[in-house]
Amino acid sequence: MAIVKIPQQKLEALTQICRSHHNQAGELINVLHAAQQLFGYLPAEVQEVIANELNISLAKVYGVVTFYSFFTMLPKGEHPISVCMGTACYVRGAEKVLDEFRRLLKINIGETTPDGRFSLSCLRCVGACGLAPVVMVGDRVFGRVSPDKVPDIIHEFAPEYTV
Amino acid sequence: MPPTNYHLLVCAGTGCRASQSEAIVQALHEALEHHGLLSHVQVVRTGCFGFCEQGPVVKVMPDNTFYVQVSPLDAEELVAEHLVKGRRLRRLLYADPLTGHAIGDASDMAFYKKQIRVALRNCGFINPENINEYIARDGYAALARVLGELTPEDTIAIIKESGLRGRGGGGFPTGLKWELTRKAAGTQKFVVCNADEGDPGAFMDRSILEGDPHSVIEAMAINAYCTGASAGLVYIRAEYPLAIKRLRHALEQAREYGLLGENILNAGFNFDISIRYGAGAFVCGEETALIHSMEGGRGEPTVKPPFPSESGYQGMPTNVNNVETYANIPIIVLKGAQWFRGIGTPSSPGTKVFALAGKVNNVGLIEVPMGITLREVIFDIGGGIKDGKKFKAVQTGGPSGGCLTEKHLDVPIDYDNLLAAGSMMGSGGMIVMDEDDCMVAVAKFYLEFTVEESCGKCAPCRIGNKRLHEMLEKITSGHGVPEDLNRLRSLAQVIKDTSLCGLGQTSPNPVLSTLAHFEHEYQAHVNEGRCPAHRCKDLVHYVIDAESCIGCTLCARACPVDAIAGDKKQPHVIDAEKCIRCGACLEKCKFGAVLLT
């Protein structure tokens, strides 16, 4: 199987991850978590390596990757933006906040800006419902976000953006 | 010099941390050092106090003073006033919204008055990263009692007698579940903690694991002793990094203290716990799906029987309980079944933790005795509806539950009453909605969730919910016809009757219950092309009332698509063709001149 795109160093790190989980098929989800942390996403090549190492079919790995929303096969932006669409945030106007991000960044949910700076996604409840509506950018949590605060949030990460 | 040894409890739950509680801890340390009090005062990072609306929260013990919306900049003044001069800093006290009076003692706050803390007994009180604080609060005494004095049968009898029912939503009697696993034949058995809190808007499991992880560890050990298991697994959402960190830390401490591992408390009992991570799939809250996910596969449910108590993880007898259920166990063992039965109702003893959120003044995590009414929860504890609006409905049970209305406000809350009222207990999400919420849009919101989360294994759920969602989309965009309502009803019933697992069987509930209680809103959408709550964009039109408009131009400048025209000091006009109905003009107008029709 031709594995061309993964740099040797990262390939070794990946096989090491598999080995540290004893190459057991039952550890697939834990392996995928670690692999996604390493690569940022789970491209087909990475899944192939994992399938070989754990001695399971690529179809099984792909099936698991696509089943869970936490795993992604597309690289995220430098600053991944997640708008909480849990019920508490929804009734406090999260939809309008999401619309404003879409309008200003000109991307849809699940997409990344052409320059790779931002990606946009929804998530279901970070459990900070007292701060609804909540937006996460990377690890940072922004609470009580209204549409007119959206440009400020974007500017904080990309001052040169004209929005 | 302060007369007593003060403790400053700083909430370090996810919510308060998001609003800088870590910086407050640092600032308090600096202020204490400045006043030379470092050796007399302890700053403790605790779990959630529950009053998330007013976070970040700092509590001063022993006088139980509750400071709200504290900023790092307040630290110096707080220390100087309260600790040095010995008087409460009024500016940061919680003001009662009715009287406007500042309340000093937390126990006088309406938010806490009707609460009874059983599962949350240690949350917001102890440092979750220090096992000694848990032990000081009778932690692991229940495990010691069970291992030293009781047989597994005795212990199961206590849990059965207490009447504790599964807090994850199903309400299955916990003691009976343990007994079934104990009686099942198997060379190895497992106990599992379900911490895959998927209901959007519910966060009690996270708060318990963040604020009191040892209570769950202790309960799992008791469970293992009763059922004959030697291994435990916690299945937790990967989206809860802080809970994972605290749980891992607690596991290590428990091992160090010999409370996990070989020959626990010298009783010849071996047990240890490992962690399995979820990866974002709501259906994994279902027992069989959860087990498949722990085995590394897709989290698809399978037909029951066999129940996990006979054939679960790796085909072995497995007992699955939820976090909140576990948190109740140690205190029941210590205080007895009769004590527990003294709280709540005969069919649902004990308390329930609810995540109160939405359009209510006091958003937060509350624990109330079963049998309390919705009115008490929403208006007494919750402080009523935000911005003086009118209460419309409350959704319990998340996407699997239903909405309850004004006429249900005085129904005592327990498993059976909520079911009878067309909703369910669920994991404890409680989302309050007001007059501005469109119930058709709410039903659509939940269906969107179910469509996304359906695992796709069985057709009624995979295809049926998609069709339901399409019909709701059609109605909310103004293309609905009267027959759609009957189509919705009959399809919803088919999905309920024919789906394999709990997700599919309950997914149409939001549609059915909003149809039952708010049919007039559906009617307005399909018959009159009108959304009574002005929430469905395609059915709302923005106009400017020429009489109230003074021509200040604020709206025209706020409009992102230049749809508003008009000269200065002259009434403005909205071009309906251009308008994208974003509502920016409505928010900017100070004269109430922007109207919705």
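If you measure heavy-atom distances from B/E452 to chain A, the contacts under 4.5 Å come from the side chain alone. Heavy-atom distances place no part of A/R140 under 4.5 Å from chain B, backbone and side chain included. The parts of B/R298 that come within reach of chain A are both its backbone and its side chain, each placing non-hydrogen atoms under 4.5 angstrom from that chain. Neither the backbone nor the side chain of B/R17 has a heavy atom closer than 4.5 Å to any heavy atom of chain A.
One distance of note links OH of A/Y68 with OG of B/S293; it measures 3.0 Å at 0.5 Å rounding. Here B/Y446 contributes atom OH and A/T87 contributes atom OG1; the two are 3.5 Å apart, rounded to the nearest 0.5 Å. For the atom pair CZ of A/F142 and OG of B/S19, the computed distance is 12.5 Å after rounding to the nearest 0.5 Å. In this structure, the separation between SG on B/C16 and CG on A/L131 is 8.0 Å, given to the nearest 0.5 Å.
A salt bridge links B/K537 with A/D99; the closest basic N to acidic carboxylate O contact falls under 4.0 Å. Using a 4.0 Å cut-off between charged side-chain N and carboxylate O, B/E53 and A/R92 make a salt bridge.
Below 30°, between 30° and 60°, or above 60°: for A/H33 and B/Y277 the angle between ring planes is above 60°, a perpendicular geometry.
Evaluated for a side chain to side chain contact (heavy atoms under 4.5 Å, CB included) with A/V91, the options B/D436, B/D434, B/D437 yield exactly one hit, B/D437.
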